[in-house]
Amino acid sequence: QVQLVESGGGLVQAGGSLRLSCAASGRTFSRYAMGWFRQAPGKEREFVAAISWSGWSSDRTYYADSVKGRFAISRDNAKNTVYLQMNSLKPEDTAVYYCAADRFGRGSSSSLEYDYWGQGTQVTVSS
C-alpha cells in the first residue's frame with residue numbers, strides 16, 4: 001500500500017515561513033488527491049489544504065479559511081512529493097502536520113475521505 005513520509009517541520013518565529021514535504025510511494029500518485037491536516041494539543045485533527053486530481057495539469061487546490069492567503073499546496077508528480085508552503089506563520093499554526101492521500105482524487109476537507117496517512121511532522125511557531 002501507499003506510504004507517506006512527512007518532513008520539513010521545525011521551530012520558526014511568528015511571521016516566518018516553512019515548507020513541508022510529503023514523499024509518497026506508488027506509481028499512481030499523480031492521480032491521487034493529497035491533503036494536509038494538522039492536530040494541535042488537546043484538539044481534533046483539522047483540515048488545512050488539499051490538492052485534487054482533476055485531469056492532466058488541472059489540479060485544483062482547497063484551503064481552510066484560517067490559512068487562505070498564507071499557505072500554498074503544490075505537488076511534483078515526477079518526485080511523488082506534495083508540498084505545503086507556509087508563510088506568515090502564527091502561533092495558532094502550531095501543530096503536528098499530517099499528509100494524506102485519497103485514491104479517488106477528490107481533495108475533500110474530510111479526513112474520512114483519505115486512505116493513507118503519514119506519521120506527522122511537528123511545526124512550532126513562537127511568538
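What you see below is based on every heavy atom in this structure, not just the backbone, and it leaves out hydrogens, waters and symmetry mates.
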Engineer: If we only count heavy atoms from C-beta on, is the Lys43 to Arg38 side-chain gap below 4.5 Å?
Structural biologist: no

Engineer: Measuring from Leu20:CG to Met86:CE, what's the distance to the nearest 0.5 Å?
Structural biologist: 3.5 Å

Engineer: Determine, step by step, whether Asp93 and Lys90 satisfy the salt bridge (charged side-chain N to carboxylate O under 4.0 Å, His left out) criterion, reporting the C-alpha distance in whole Å, the side-chain angles of both residues, the deciding distance to 0.1 Å, and the verdict.
Structural biologist: CA-CA 5 Å; Asp93 297 317; Lys90 305 175 181 179; over 6 Å; no

Engineer: Counting N and O atoms only, with roles assigned by atom type, does the side chain of Asp115 sit under 3.5 Å from a partner on the main chain of Arg103, one being a donor and the other an acceptor?
Structural biologist: yes

Engineer: Just wondering, do Gln122 and Thr94 contact through their side chains at under 4.5 Å, heavy atoms?
Structural biologist: yes

Engineer: Within the 4.5 Å heavy-atom criterion, are Val82 and Trp36 side-chain neighbours or not?
Structural biologist: yes

Engineer: So, does Ser25 use its side chain to make a donor-acceptor pair with the main chain of Gln3 at under 3.5 Å?
Structural biologist: yes

Engineer: Listed by chain and number, what are the salt bridge (charged side-chain N to carboxylate O under 4.0 Å, His left out) partners of Arg19, not counting sequence neighbours?
Structural biologist: none

Engineer: If you link I, L, V, M, F, W and Y whenever their side-chain heavy atoms are under 4.5 Å apart, who else ends up in the same group as Tyr83?
Structural biologist: none

Engineer: Once you round to the nearest 0.5 Å, how far does CG of Leu89 lie from OG1 of Thr124?
Structural biologist: 10.5 Å

Engineer: Can you give me the closest heavy-atom contact between Ala49 and Leu84, atom names plus distance?
Structural biologist: CB-CD1, 4.1 Å

Engineer: Find the distance between CG (Asp102) and OG (Ser111) and round it off to the nearest 0.5 Å.
Structural biologist: 11.5 Å

Engineer: Could you tell me if the side chain of Gln13 sits less than 4.5 Å from the side chain of Val125, heavy atoms only?
Structural biologist: no

Engineer: At their closest point, which heavy atom of Met34 faces which heavy atom of Ile73, and how far apart are they?
Structural biologist: O-CD1, 3.7 Å

Engineer: Calculate, to the nearest 0.5 Å, the distance between atoms CG and OH belonging to Asn80 and Tyr32 respectively.
Structural biologist: 10.0 Å

Engineer: Under the side chain to side chain contact (heavy atoms under 4.5 Å, CB included) criterion, do Asn87 and Phe71 qualify, and how do the steps go?
Structural biologist: CA-CA 6 Å; Asn87 300 320; Phe71 291 9; 6.0 Å; no

Engineer: With a 4.5 Å cut-off on side-chain heavy atoms, are Ser17 and Gln85 touching?
Structural biologist: yes

Engineer: Which pair of non-hydrogen atoms, one from Val123 and one from Gly9, has the smallest distance, and what is that distance?
Structural biologist: CG2-CA, 4.2 Å

Engineer: Rounded to the nearest 0.5 Å, how far does CD of Glu6 lie from SG of Cys99?
Structural biologist: 3.5 Å

Engineer: Less than 4.5 Å apart, any side-chain heavy atom of Val48 and any of Tyr97?
Structural biologist: yes

Engineer: What closest approach, in Å, do Ser108 and Ala50 show between heavy atoms, and which atom pair accounts for it?
Structural biologist: O-CB, 4.3 Å

Engineer: Main chain of Gly107, side chain of Ser52: is a donor-acceptor contact present, judged purely on distance under 3.5 Å?
Structural biologist: no

Engineer: Is Gln119 atom CD crowded by more than 12 heavy atoms from other residues, nucleotides or ligands, each under 6.0 Å away?
Structural biologist: no

Engineer: Tracing side-chain links under 4.5 Å among I, L, V, M, F, W and Y, which residues wind up in one group with Tyr98?
Structural biologist: Phe37, Phe47, Tyr62, Val96, Tyr114, Trp117

Engineer: Hey, could you give me the CZ/OG1 distance between Arg75 and Thr61, rounded to the nearest 0.5 Å?
Structural biologist: 11.5 Å

